[in-house]
Amino acid sequence: MEALVNQLPIGLSIGAVLLLVALGLTFTFGQMGVINMAHGEFIMAGAYTAFLLQDLLLALPAAFLVAGLMGLILERAAIRHFYGRPLDTLLLTWGVSLVLQQLARDLFGAPNVQVAAPPWLTGAIGILPYNRLFILALAVAGVVAVWAYLGHTRQGRRTQAVVQNRQLAATSGIDTGRVDMLTFFIGSGLAGVAGVALTLIGPVGPALGTYYIVDAFLVVVAGGLGQLRGAVLAAAGLGLLNSYAEFWSDASLAKVIVFAAVIAFLQVRPQGMFVLRSRALT
Amino acid sequence: MLELRDVRVVFDGFHALDGVDLTVPEGELRFLIGPNGAGKTTLIDVITGLTRPAAGTVTFDGHDLVGRKEHRIVRLGVGRTFQTSVVFEELSVVENLDLAACFRRPLWSLARRRKGVSQAVEEALTRTGLEELADRSAGVLSHGQRQWLELGMLLAQRPRLLLLDEPVAGMSREERERTGELLTQIAADHTVIVVEHDMEFLRRHASKVTVLHEGKVLVEGSVEQVSADPRVQEVYLGRKPSDAVGK
Amino acid sequence: MIRKHLPFATIAVLALVAAPLLLEPFRLSLLAKYLCYAIVALGIGLAWGQGGMLTLGQGVFFGLGGYSMAMYLKLAEGGGLPDFMVWSGVEELPALWTPFANPVFALGMAVLGPVAIAVVLGTLVFRQRVRGAYFAILTQALAAAMVILLVGQQGLTGGTNGMTNFFDLFGADLAADSTQRGLYLVVAGVLGVLYLATRQLVNSRFGRLLVAVRDGEDRVRFLGYNPATVKTVTFAASAGMAGLAGALFVPVVGIISPALLGVVPSLELVVAVAVGGRHALAGAVLGAVLMGYAKTAFSEQFADGWLYLQGALFILVMTLAPKGIAGILGRWRSARAT
Amino acid sequence: MRIPHAILSGVLVISVAACSGTQSGTAPSEAAGGSEIKVGLLHSLSGTMAISEVTVRDAELLAIEEINKAGGVLGKKLVPVVEDGASDWPTFAEKATKLIRQDKVATVFGGWTSASRKAMLPVFERYKALLWYPVQYEGLESSPYIFYTGATTNQQIIPGLDYLKEQGKKKIFLVGSDYVFPRTANKIIKAYAAANGMEILGEEYTPLGHTEYSTLVNKVTQAKPEAVFNTLNGDSNVAFFKQLKSAGATAESMPVLSVSIAEEEVKGIGVDNIAGQPVAWNYYQTTDNPANTAFVKAFKDTYGQDKVTSDPMEAGYNAVYLWAEAAKKAGTVEVEAVKKAAGGIALERPEGLVTIDGETQHMYKTARIGIVQPDGLIKQVWDSGKPIKPDPYLKGYPWASGLAQG
């Protein structure tokens, strides 16, 4: 029974990890329609930033910058030529992810590296260790920051305007190229932050990104591509489902169950949890 | 033939259609007008299954259309065009028409190459005057030609009810005239509903007009009756109806 | 007429006569392996290039075909339980396995199994108008889930090891060079037939309809067709091809394992199709053979570089020549013609 | 769509030309006559397994270099042909075929995962060529064309259990990655436990590459075992130990005995997370004997002072020496003669005395339990006293009779 109750916070904390890795993805997709397969490698870049600095609090902003700049470069150099072709972007960024993985292997070596967790994260409240709570808090902070940015800053509102009608926004004086750049910077930066957080609980190596990318995509799909509210609910839902499914069966089956659940869910809500309505015929 | 009763559509609290009743008997050419946001396109969307009404009934020839999938409604004989014409640019003109003509055939029979041009396609080509361009890819057509191709595709479908969403928008004067002739021809042996802003076009071709305003039917009647109606003038901001509706 | 068929005849002669004569057996079976991949690529070319469905889970179907064939081969050996069951502690043959002793059933399942899964998945997702990126991601997740499932059922599937160590195929010694040559001819023949059939389909009305669905799914609905059906049929056809390719792959290469049907191999094939040229079926075939060859050649020279090369090649193709090699050749040809 | 046939003919011409080109580039091997002997090294140099396998290849290259310096084998120099298995089992089979048929190597040293070995096995048996496989594995195999220089189960798993039993640990929880080695190991463990009055509280598997262990850690801590037997592989270990530690479990309250974590992996897991935990192997960098001192020094001099040596590396390093010794004894590198000569060869290696068991082609090896130290190295705390005779089918263990009917 105790174990059963424990699974609840565990599920939420798994959800927090999912949310954190999917947040940047949902941001870039929602705002720009870009599916970034190199997102996992931006997470990895964040984790390696933490490895180089060996200081969690310093690493958070630094990783945001590092991954964000990588995203910025990617956007300027390649992705901007692909707007409106999400499938091509998906494949292009996959190529980028391959190169980045091998680059990490050459720069840092193939074996995992160690990032020491700060001593103040040792300990636990109930079943949840401090580092899990830290991730939970970080995920919440990330969501709040994105929400505040989009709804309550000038630049955020511009971003929203571009999402709703790119041409109209452009003719009313918004530099859409700049907005895209900034959006991609933030989305990738969030991946970097996720990478720092993941060093607390997982391996830090060239393959890091590949472990999380499929799950992150599932969250984005189930949440409704690009919907912040949806992503939060989907992450929590999938986290809990995963936690209980694994508890009653095993880790392998839990993954299969989560996948089946997402397919089933799409039968009920084909466009994810929340969708923007549009009268345009696509 | 087509009957709408108390149709309501709500988008995020906004009543796009707020209890519309509409009856179109067989063989009629009906124009739908109204200011922007009056719900004209939404009405067509409801009839063709693109938008599901929150309440109300839509019957075509005794069939309930609400909740039916788009392609099933087409199979009942209801065809439509779009404001911004959508044709398949990678296919040739004749291929576009041929696809439109073939939908009643079983899918497996499509696994063969097209041999020659079917009668329906031939007819559509002649009516729209696109014979010369038959083998050109649809991507190279001008705006007007695209609109005609779309009309041609609609004809090739051999529908019983045609819904045209702003068929002359963006056309030159000559193109409009040709479209008008085409429309007259079509209306001779089809039931047609046209959404149109162009008042001159309206005057020349309309027999009966329905005016929509804020999701409701404001008035219905002949062109003269409608343009004389003070409520219509008020809706169009008190200006002379011809200026206002003509836009 | 003759002119029209001359190039194809040339290839057929080259592939069926010259290659077996010129290549040593090891290289010939490598080529056979690439041609298996080319069959999968053909299906991807159909689904993605023509139908716009980016399927990132084609490895799943390839794997199902491969596993069906492998199960037959394991049972055909005779001599009791398959080796991996023995060391997995399985004591009697699972019921799931029994019908696979029949080669007709096994081959049928290799094709129909993938088709059935594609029909179910296609019906579920296309009916709900899940498309584009959604579909891509879902097929990718399918590949991931499938691998986990196969790995987890070690007693049934051989786990991560998969199945290997096959001895004979319909009485012929699989190790013999003559068998491998024969297998090569079968693979090349199947590829040729499927290529012609797919081309026929693409040029038919259905092919036009498929392109229409790709470019304007919603518009097609108002032409009275159900795009979900069109897409499901196409997806199923491409799945069937992948399944058949998998079934041929197993006797050629001698192994099937979950690693062959995961996310990465599925993506690699899509890359190959993109490099070859997704809109031309021949481009897809070309891409698969070239990338297969490049991978072998490159990893023989310098292993680490392969990932760089693959990634870079891909970025270059996507940015500079989105229509792939076929597109470049096409442009070059039309430039010369004018 | 207008030019497909032209393209297709292009592709076939190119590929046929390319393939035959490569073919003519490889002259018949000099293995038979010339002054060189080609040997193949086949490990994953790319992909997920590269982390581990590259180090083994390095150790094997070191051995080849040392042997060449000392005059080679039968007066000829060894020339390594290195191929990449790319962490992909069919590639292992393909590259093995290439090494045997095209490069005509005298022998191959290679593999790490069981899956790669299973994939290569039919190739070596088909062409009657030799493979030296350097990693501990799940047993139940004895191919006439493979020499196994790592431990089989009775030289690692069973000694590990003996150690836990001696420590008075009776309630055990089993955690493993979902593949052949952990599943087979756990079968053996369960049979052992049944015969030795131990209790198995749970058995859990996670997919390879799994990194979310909170649920599993909850299951383990709720079951309150006295020890955990860990057969997780690769990156999963990092996540498992990090998350186990932050859940408050310690090596004192609940030791986790691992059989796939060597010196190389400790760094990535983080010493803090694993210090004090026991591991079971046949060799540690700290193993005290002159052969090892020389090996560690040579390895560090060649590859860098920050490098560590580990059990599989040592087994790979040994494999080259053992083959060279067998070839010397046989007077030829011909496969059947080498096989015949190999039985009974005994060498002092870094792990101590290693003897080839001619019957099973496995090695007599000493089992050692070590504890991970705060400096990242592993200190031996227990050993089996003498080399244990390899018993891949566990025929000598009555309680295991039900396991190995194969």
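Quick note on labels: first sequence line is chain A, next is B, and so on, each numbered from 1.
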*For A:Asp250, is it the side chain, the backbone, both or neither that has a heavy atom under 4.5 Å from a heavy atom of chain D?*
both
*Could you look at A:Tyr212 and say if it's the side chain, the backbone, both or neither that has a heavy atom under 4.5 Å from chain D?*
side chain
*Donor-acceptor under 3.5 Å (D:Asn273 side chain, D:Phe241 main chain)*: no
*asked:* Only pairs of heavy atoms separated by less than 4.5 Å count here; which of D:Thr221, D:Ile269, D:Thr211, D:Thr55 has the most with chain A?
replied: D:Thr211
*Of the backbone (N, CA, C, O) and the side chain (C-beta and beyond), which part of A:Ser252 lies under 4.5 Å from a heavy atom of chain D, both, or neither?*
both
_Does D:Lys300, at its NZ atom, have more than 12 non-hydrogen atoms belonging to other residues, nucleotides or ligands within less than 6.0 Å?_
yes
*Does any heavy atom of chain A fall under 4.5 Å from the side chain of D:Glu265, the backbone, both, or neither of them?*
neither
_Region of D:Asp235 that comes under 4.5 Å of a non-hydrogen atom in chain A_ = both
*Indicate the ring-plane relationship of A:Phe51 and A:Tyr48, choosing parallel, tilted or perpendicular according to the 30° and 60° boundaries.*
perpendicular
*Qualifying residue, where the test is side-chain contact (heavy atoms from CB on, under 4.5 Å) with D:Tyr179 and the options are D:Thr113, D:Thr184, D:Leu208, D:Thr231*: D:Leu208
_D:Tyr284 side chain to D:Trp281 backbone, donor-acceptor under 3.5 Å_ = yes
_Between D:Glu203 and D:Lys190, does any NZ, NE, NH1 or NH2 come within less than 4.0 Å of an OD or OE carboxylate oxygen?_
yes
*Sort out for me which of D:Lys267, D:Lys219, D:Glu264 touches chain A most, counting heavy-atom pairs under 4.5 Å.*
D:Lys219
*By a 4.5 Å heavy-atom criterion (distance strictly below it), what part of A:Leu200 contacts chain D: side chain, backbone, both, or neither?*
backbone
_At a heavy-atom distance under 4.5 Å, which candidate from A:Ala251, A:Pro129, A:Pro203 has the highest pair count against chain D?_
A:Pro203
*Do the ring planes of D:Phe92 and D:Trp89 sit parallel (below 30°), tilted (30 to 60°) or perpendicular (above 60°)?*
tilted
